There are 2 protein chains.
Amino acid sequence: MAARHEEIADALRQAIDLGEYPVGGMLPTETELSARYAVSRGTVRQAVAALTAEGRIGSRQGARRVVLGSRRSQSFAELRSFAQWAKAMGHTATGRVIHQFRRPATVEDAQRLQIAPGEEVLQVLRVRGLDGEPVLLERNVYAQWMADAVERLPAECESVVQALYDDIGMIFAYGEHVIDAVAAGAEDARLLDIRRGSPLLRIRRMTTTPAGRPIEWSDDRYVSGTVSFAVANSIGSNPLARQSGQS
Amino acid sequence: MAARHEEIADALRQAIDLGEYPVGGMLPTETELSARYAVSRGTVRQAVAALTAEGRIGSRQGARRVVLGSRRSQSFAELRSFAQWAKAMGHTATGRVIHQFRRPATVEDAQRLQIAPGEEVLQVLRVRGLDGEPVLLERNVYAQWMADAVERLPAECESVVQALYDDIGMIFAYGEHVIDAVAAGAEDARLLDIRRGSPLLRIRRMTTTPAGRPIEWSDDRYVSGTVSFAVANSIGSNPLARQSGQS
DNA sequence: AAGTGGTCTAGACCACGAT
DNA sequence: TCGTGGTCTAGACCACTTG
C-alpha cells in the first residue's frame, strides 16, 4: 500500500489534470487539505512538496499555492531504462549489441568508475530502436564485477536494466547525466542510418548501485527529433545545473 | 539568517567536499546528527533531503545514507539567468538585440502564455556571448504586459533578468525546460558564426512570475561544445522526464 | 490585522536492511 | 533481532503576503 502522502499527492495531481484546480488558480490551504483528507498538516506538506518538485505547483511563504501546469511526466524509473520508458509511453523498444569486448580501464574510466587504471572493464556498443526505427546509440563501459552478467545477456536484449535485475538482482539506483549536442561521426551515422554531421542529443550517464558503487558509465546519442528531455525548476530549488565547456 | 536546516545542509555539504565523509562512505545516522547539531530529527531530515535532491547522497529505508559524490553545481538562479550563471562561473556574458517587434499571438503563443490568440505579444531575437564568442541565440516571446519594460531595455543588455528586476521588480520564479538537439538553420548559422547544419543544443523554456503568471517563452540554441546541462536522478525521485518526439 | 506557508519540536510506530 | 530511515501526529511560533 502506498503511503498516505502519496495517495494525497495522486489525488491532487488528478484534480489538477481534471481542471478541478485550474492552471493559474490556487490550491486549498494546508489546513483545509488536512481536514479534507483527515491527516496532519505535516502529511499534507509531504504531498504538496512532491507536486512542487515536479513543477506542477508553486509555493511561496505567505501566499496560497499556485497551480502552474498539468504535466503528465510519465515519471520515475524512466531515466534508468530506455525500455521501461518506451513501454510507459506506448512504444516498442528494441536493442542490439554491435560489439562488446574487454579492455584495460583508461584514466577516464578509472575516475568515473572509481577503480584503478588498467583494471579490466567491459565496453559495449548498442543500437536501440523505438517502434522499429533506430534512435539511440549507446556506448557503455561496465565495471569488471558486472562484466560476466552483461556478457550473458542476449545480443538482442530489449531491456538491459530488467534483464540484469532478473539475472542477478542488480538495481540501478542513482545516476548523473550531462546533456549536450554533438554532430554525428562516421560510426554514429552508419549505425543510426543518418547523414554524417547530423545533430545528436548526447547524454553522458553514470550509474551506481543503491549502496553508491559505480556500475557503468555511458555515452548515449539520440537522433534529433526522436526524444527530448524536460526539466522543471523554481526559485530557490532547481535540480539542473548548467555547465561550461566539454567535460 | 538562514534556516537551521539550511545551515546543517551547508555543513554537511562542506564536510563531504572536505572528505570528512568520503565518497562511497556513509553519513552519520539521523539520531546522531540530531544530537550533534542539537535539533530535532525532523530538522535533520529537512537538511539531508536537500542533499538527496542534489544527488550528493543516496537514501534507502533501513540502510545508512550513502555519500554519492561531491558536486559543485554552481546551483540556483542559474537557469533563470544566463548572465548570472556566466558570472558565477567566472565568465563574461554579453547580449545584443538583433530585432524586436510586436505582433499578434499565434495559437502556439496563446497556449504557452495562457492568453487569447491574436492578443499582442513582443518577439525578440537576441545573440548572447560568453567571453566575446557568440554561443547562444535566444528567440523570446513576451506577454503584452511585459512588452513595455522589455522594449525599454538597452539593445546591448548584459542581464535581462537583472535589468527587469531593477526596472520593475519583476521576478522570474518558475520555469519549464524542454531539451533536444537541432541543426543550425540559415539564420542560426549566420548570427552564431557557424556552419549551417551544425548541431545546436536547444532549450525551449517557459517562465512565470511567483504567482504563476506566464511571462515569456523562449527557444534558446546553444553552440555545440560551449555549454552543457547536468541532472542528477535517483530511484523513486527524479526531476527529469524523457519525452518523445517534437512537442 | 488576518491568513497562509515555513520552521521546528517531541514522540510514536512501521518497513526494510544488515547481521 | 536490532538499527535505520520512512511515515505520521499535534502543536507552537515565525515570516511573509494580502487586503
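It should be emphasised that the depicted structure is a prediction, and the values quoted were computed from it without experimental measurement. Heavy atoms only: backbone and side chains are in, while hydrogens, waters and symmetry mates are out. Every chain is numbered from 1 and lettered A, B, ... according to where its sequence line falls, protein lines coming before strand lines.
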Subject >> Contact interval (first through last nucleotide) of DNA chain C with protein chain A, 4.0 Å heavy-atom >> reply: C/dG3 to C/dT7
How close or far is atom [atom2] of [N] from atom [atom1] of [X], stated in whole angstroms?
X       : N      : atom1 : atom2 : value
B/Gln61 : D/dC2  : CD    : P     : 19 Å
A/Arg60 : D/dT17 : CZ    : P     : 7 Å
A/Arg64 : D/dG19 : CZ    : P     : 11 Å

Original post:
Which residue lies toward the 5' end of DNA chain D, B/Ala211 or A/Val39, if each is placed at its nearest nucleotide?
Top reply: A/Val39
NA contact type, [X], heavy-atom cut-off 4.0 Å: base, sugar-phosphate, or nothing?
X       : value
A/Arg45 : base
A/Arg65 : sugar-phosphate
A/Arg4  : sugar-phosphate

Original post:
Taking A/Val121 as the fixed residue, which of A/Arg103, A/Gln144, A/Arg102 is the one that meets the side chain to side chain contact (heavy atoms under 4.5 Å, CB included) rule?
Top reply: A/Arg103
Original post:
Checking side chain to side chain contact (heavy atoms under 4.5 Å, CB included) against A/Val150, which of A/Val124, A/Asn140, A/Val97 comes through?
Top reply: A/Val124
**OP:** Establish, yes or no, whether the cationic atom of B/Arg139 lies under 6.0 Å from the six-membered ring centre of B/Trp217 and within 45° of the ring axis.
**Re:** no
Original post:
Charged N to carboxylate O below 4.0 Å: is that the case for A/Asp220 and A/Arg204?
Top reply: no
Original post:
Of B/Val44 and B/Arg41, whose closest DNA chain C nucleotide lies nearer the 5' terminus?
Top reply: B/Val44
**OP:** Please check if any side-chain donor atom of B/Gln162 sits under 3.5 Å from a side-chain acceptor atom of B/Asp166, or the reverse.
**Re:** yes
Original post:
Does the pair B/Thr207 and B/Glu216 meet the rule for a side chain to side chain donor-acceptor pair (under 3.5 Å), with working shown?
Top reply: CA-CA 6 Å; B/Thr207 316; B/Glu216 47 132 22; 2.9 Å; yes
